[in-house]
Enquirer: 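Let me give you the structure first, and then I'll get to my questions.
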Amino acid sequence: MNIAQLGIKIDSADAIEAKSRLGDMANAGGQMTSHQKSFTEACGVAALERHESAAAHIAYEVRITNNGQKHKVDGPFFTYAEAAISAEILRKSCRNARANSCCFQDHPAITPQLIQDCQANRARLSKDINLA
């Protein structure tokens, strides 16, 4: 089952705007950092990865370990590259921030919200690396 079958509309205007700004920056001949290049490639992905089981999606988030316990500090993201960029930025204040994959159940109440969260985090990350 996909989102079109569920009849749910997802607003991806922020992600589309960030991608168009990336194209404008590339066409202007501006020097892009490695984060910006990785992010540009990651923006080509606009859907969640499927897990081995048909009833789950994979998303990526940033976690830190504190006293043996893992805590989510950022995410979810569509791609590992986005989570890795965020983890590297967060390492300035949290030295052990790491990108990790996590599974989410494919459910009509969970999947649309997960996609919206990924899009919002992508838009925020583009601002963090000065692309928006």
Enquirer: Taking salt bridge (charged side-chain N to carboxylate O under 4.0 Å, His left out) as the definition, give me every residue that meets it alongside R124, ordered by chain and number, with sequence neighbours left out.
Expert: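 Scan of R124 (salt bridge (charged side-chain N to carboxylate O under 4.0 Å, His left out), adjacent residues dropped) gives D74, D128.
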Enquirer: Just to verify, what does H71 make a side chain to side chain contact (heavy atoms under 4.5 Å, CB included) with, not counting sequence neighbours?
Expert: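 Per chain and number, H71 pairs via side chain to side chain contact (heavy atoms under 4.5 Å, CB included) with I64, N66, Q69.
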Enquirer: Give the intermediate values and the outcome of side chain to side chain contact (heavy atoms under 4.5 Å, CB included) for residues T111 and F104.
Expert: CA-CA 8 Å; T111 305; F104 291 89; over 6 Å; no
Enquirer: For Y80, is the OH atom crowded, meaning more than 12 foreign heavy atoms sit under 6.0 Å from it?
Expert: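 At most 12 heavy atoms, drawn from other residues, nucleotides or ligands, come within 6.0 Å of this atom.
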Enquirer: Out of curiosity, T79 OG1 to E41 CD, how far, rounded to the nearest 0.5 Å?
Expert: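 One finds 10.0 Å between OG1 of T79 and CD of E41.
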Enquirer: Counting C-beta onward and ignoring hydrogens, is there a side-chain heavy-atom pair between F77 and L125 closer than 4.5 Å?
Expert: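 Counting from C-beta outward, F77 and L125 do come under 4.5 Å.
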Enquirer: If you look at every heavy atom in A99 and A84, which pair is closest and at what distance?
Expert: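 Looking at all heavy atoms of both residues, the closest pair is CB-N, 3.7 Å.
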Enquirer: Taking side chain as C-beta onward, heavy atoms only, is L48 less than 4.5 Å from F78?
Expert: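 They are in contact (side-chain heavy atoms under 4.5 Å apart), so the answer is yes.
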Enquirer: Decide side chain to side chain contact (heavy atoms under 4.5 Å, CB included) for I85 and I129; before the verdict, give the C-alpha distance in whole Å, the side-chain angles of both, and the deciding distance to 0.1 Å.
Expert: CA-CA 9 Å; I85 292 167; I129 59 175; 4.0 Å; yes
Enquirer: Would you mind reporting whether I58 and C102 have side-chain heavy atoms less than 4.5 Å apart?
Expert: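 C102 vs I58: side chains apart.
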Enquirer: Tell me, please, which residues at least two apart from R63 pass salt bridge (charged side-chain N to carboxylate O under 4.0 Å, His left out).
Expert: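 R63 satisfies salt bridge (charged side-chain N to carboxylate O under 4.0 Å, His left out) with E61 only.
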Enquirer: With a cut-off of 3.5 Å and sequence neighbours excluded, list every side-chain donor-acceptor pair involving residues 88-96.
Expert:
| residue | atom | partner | partner atom | Å |
| --- | --- | --- | --- | --- |
| R91 | NE | A97 | O | 3.0 |
| R91 | NH2 | A97 | O | 3.4 |
| S93 | OG | L90 | O | 3.3 |
| N96 | ND2 | T65 | O | 2.5 |

Enquirer: Do any pairs count as a salt bridge (charged side-chain N to carboxylate O under 4.0 Å, His left out) and have a residue in residues 77-87, sequence neighbours left out, and if so which ones?
Expert: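 For residues 77-87, and leaving out neighbouring residues, the salt bridge (charged side-chain N to carboxylate O under 4.0 Å, His left out) pairs sorted by first residue read E82-R122.
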Enquirer: Restricting to salt bridge (charged side-chain N to carboxylate O under 4.0 Å, His left out), what partner residues turn up for K70, sequence neighbours left out?
Expert: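 Not a single residue meets the salt bridge (charged side-chain N to carboxylate O under 4.0 Å, His left out) criterion with K70.
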Enquirer: Please test E49 against Y60 for side chain to side chain contact (heavy atoms under 4.5 Å, CB included), starting from the C-alpha separation and ending with a verdict.
Expert: CA-CA 10 Å; E49 275 184 52; Y60 299 90; 2.6 Å; yes
Enquirer: Could you tell me the separation between the OG atom of S86 and the CG atom of N121, rounded to the nearest 0.5 Å?
Expert: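 Atom-to-atom, S86:OG and N121:CG are 8.0 Å apart.
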Enquirer: Among Q105, H107, H51, R50, find the one that has a side-chain hydrogen bond (donor to acceptor under 3.5 Å, both in side chains) with H57.
Expert: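 Testing H57 for a side-chain hydrogen bond (donor to acceptor under 3.5 Å, both in side chains) against Q105, H107, H51, R50 leaves exactly one candidate, R50.
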